[in-house]
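Values reported hereafter were calculated over all heavy atoms of this structure, with side chains retained and with hydrogens, waters and symmetry mates removed. Predicted model only: the values in this text are computed from it and were never measured. Chain letters run A, B, ... following the sequence lines, proteins first and then strands; every chain starts at 1.
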2 protein chains.
Amino acid sequence: MISVCFDGFWIVKEANVMDDLSGPAGPLYQQVYDAVMARIISGELAPGVMLPSEFDLAAQYAVSQGTARKALSKLELSGLVERHQGKGTFVATTTDETSLFHFFRLRQSDGAQVIPQLVSETVRKRPANAREAAALGLAARASVFEVMRVRSINDAVVCAEQSVLDVVKFPGLKDRGGLPNALYPLYQRNYGITIARADEQLRAVAVPEAVASLLALAVNTPVMEVERRAIGISGGVTEFRLSYYLTQNLHYAVSLR
Amino acid sequence: MISVCFDGFWIVKEANVMDDLSGPAGPLYQQVYDAVMARIISGELAPGVMLPSEFDLAAQYAVSQGTARKALSKLELSGLVERHQGKGTFVATTTDETSLFHFFRLRQSDGAQVIPQLVSETVRKRPANAREAAALGLAARASVFEVMRVRSINDAVVCAEQSVLDVVKFPGLKDRGGLPNALYPLYQRNYGITIARADEQLRAVAVPEAVASLLALAVNTPVMEVERRAIGISGGVTEFRLSYYLTQNLHYAVSLR
DNA sequence: AAGTGGTCTAGACCACAAA
DNA sequence: TTGTGGTCTAGACCACTTT
């Protein structure tokens with residue numbers, strides 16, 4: 001087979017996603033990235049669903065396969081999709097394992113990962129306090145669900161967690177009973193909300209009275225207070241969580257770079 | 001101009017870095033990445049130095065410009081080089097700003113970045129204890145430099161840091177006097193050691209006696225204990241650091257994803 | 001065998017920075 | 001004007017998975 005290529009001639013540009021002249025534009029691969037991300041956020045491409053192949057995507061947005069590929073690679077880097085050679089590209093799903101591994105930072109002294117067990121759990125509906133309302137972007141005293149949980153590791157009670165959620169985004173949460181160990185897969189599976197990242201603020205404090213009685217601790221025991229804002233892929237704070245960790249035999253592990 | 005391309009014929013493969021048949025091989029771009037990284041680690045490409053252009057690098061390793069580009073992009077992602085359109089690619093330098101921003105995690109309540117001031121500093125040479133020797137991979141009671149520093153923010157003393165270093169890797173450190181606010185740029189500039197990342201272990205503890213007197217704290221004050229292992233680009237633990245942070249008005253900030 | 005992602009090439013054009 | 005990195009294309013071949 002022989003193919004002939006004429007170089008040096010002006011090639012008429014084909015119509016593509018860049019030509020709509022609306023929005024901020026940018027590189028083609030970025031526009032494809034944005035378009036696919038919008039389809040994921042909208043729910044059109046739900047977690048676990050297979051994306052169009054590189055060639056299909058390229059055809060849909062009138063770009064070359066290489067450009068579609070770059071958009072997909074960037075989506076993978078952002079953690080929104082997973083790619084598997086020979087199988088395809090899939091919208092990322094939040095599993096118990098990844099959720100606990102990425103978002104539960106308590107480790108044993110030797111650095112080993114440990115899986116916390118649930119000791120007790122109560123869910124109730126109440127008005128948000130000022131701090132919670134501000135964090136979640138709600139009106140003062142708006143209704144929220146409060147999930148209060150106590151967890152243990154190796155039969156030793158090690159933490160108390162209070163998660164606060166907007167009742168509007170999580171209808172019926174209170175009546176589900178027995179929530180799973182990891183909450184984020186539940187948010188995704190049952191409410192279509194995917195947690196992309198979480199910002200935490202850590203302090204060493206003397207254990208508050210309420211927590212001391214809950215965990216059976218002596219007054220003045222030093223504990224780690226962790227204030228978490230969990231952020232969804234569309235950008236807003238979805239969950240506000242206040243936790244207290246006992247760090248006698250465990251530590252909170254971070255890697256900086 | 002007309003160019004003619006014959007497809008379907010076997011093209012004789014040109015010699016390239018893949019053909020030495022030694023080592024673990026892998027994709028070409030990975031081999032270029034490894035080769036350039038080795039040149040950076042060896043010091044042949046020192047921090048701040050400009051790398052060969054994409055085309056020069058492609059010629060050196062007998063690959064296409066696109067493949068060299070992919071290797072450089074991966075180096076940039078690893079933080080080993082910085083790329084600037086129109087200027088070139090440069091081996092990354094550790095500056096005071098990046099060092100303090102990435103590795104000093106204390107923030108104000110409103111999340112604002114703060115720059116700590118040095119209050120006092122002592123450097124001495126002593127034998128390593130068991131924990132330090134193990135962390136640094138040294139023989140028991142090997143000689144180390146201990147840098148003890150107290151820092152303040154807004155005129156309030158907030159932390160005590162003890163950094164421990166192998167005397168062999170940092171000759172003459174004790175006699176330098178007045179060390180800079182950020183140590184990592186010094187390691188790079190004067191000892192050719194670039195810190196790539198740091199692993200930290202956090203605990204809430206009652207302030208140890210020695211630290212209490214140093215920071216003028218009441219006994220039993222809860223403080224955050226941070227154990228840090230700073231790791232160089234060649235992989236080994238370069239610095240072992242034990243810090244105590246006062247978190248009354250500040251917090252340790254982390255972003256998980 | 002067909003379809004997918006992964007690697008690689010050769011070439012074009014654009015945007016930016018410095019001489 | 002020259003050289004650099006940044007984007008984009010068209011095509012080839014490879015490796016892996018499923019039918």
Nearest-angstrom distance from the residue atom CD of A:Gln30 to P of D:dG6:
15 Å
Check the distance between C:dA10's P and B:Lys70's NZ and give it to me in whole angstrom.
17 Å
Just how far, in rounded Å, is C1' of D:dT4 from CG of B:Leu72?
12 Å
Going by salt bridge (Lys or Arg N to Asp or Glu O under 4.0 Å), name the residues that satisfy it together with B:Arg197, two or more places apart in sequence or in a different chain.
B:Asp199
For DNA chain C, which residues in residues 86-93 of chain B have a heavy atom at a distance below 4.0 Å?
B:Gly86, B:Lys87
Determine all donor-acceptor pairs shorter than 3.5 Å in which one atom belongs to a side chain in residues 79-93 of chain A; sequence neighbours excluded.
from    : atom 1 : to      : atom 2 : distance (Å)
A:Arg83 : NE     : A:Thr89 : OG1    : 3.3
A:Arg83 : NH2    : A:Glu54 : OE2    : 2.6

Whole angstrom value for the distance that separates P of D:dT7 from OH of A:Tyr33
14 Å
Pair A:Glu239-A:Tyr184, side chain to side chain donor-acceptor pair (under 3.5 Å): steps then yes or no:
CA-CA 10 Å; A:Glu239 178 205 69; A:Tyr184 297 169; 2.7 Å; yes
Quick one: B:Phe55 CZ to C:dC13 P, roughly how many Å, whole number?
13 Å
With sequence neighbours excluded, tell me which residues meet ring pair (Phe, Tyr, Trp, His ring centres under 6.0 Å) with A:Phe170.
A:Tyr187, A:Tyr191
Closest listed nucleotide, where the reference is the side chain of A:Val63 and the choices are D:dT9, D:dG5, C:dT4
D:dT9
Contact class for B:Tyr29 vs. all strands (heavy atom < 4.0 Å): base, sugar-phosphate, or nothing?
sugar-phosphate
Below 4.0 Å: OP1/OP2 of D:dT9 and any side-chain N or O of A:Thr67
yes
In whole angstrom, give the distance that lies between atom CD of B:Gln65 and atom P of C:dC8.
14 Å
Of the listed nucleotides (C:dG6, D:dC8, C:dT9), which one gets closest to any side-chain atom of A:Arg83?
C:dG6
Return the 5'-most residue of the pair B:Arg69, B:Met50 with respect to DNA chain D, ranking by each residue's nearest nucleotide.
B:Met50
Rounded to whole Å, NZ of A:Lys74 lies from C1' of D:dG6 at a distance of 13 Å
Checking A:Thr194 against A:Gln188: is there a side-chain donor and acceptor pair closer than 3.5 Å?
yes
Does A:Lys74 have any side-chain contact (heavy atoms from CB on, under 4.5 Å) partners at least two apart in sequence or in another chain, and if so, which?
A:Tyr29, A:Gln30, A:Tyr33
Please state how far atom CD in A:Glu54 lies from atom P in D:dC8, giving the value in whole angstrom units.
16 Å
Quick check for you: among D:dG5, D:dT9, C:dT9, whose closest atom lies nearest to any side-chain atom of B:Ser64?
C:dT9
Those residues that, when tested against B:Arg107, pass salt bridge (Lys or Arg N to Asp or Glu O under 4.0 Å) (two or more places apart)
none
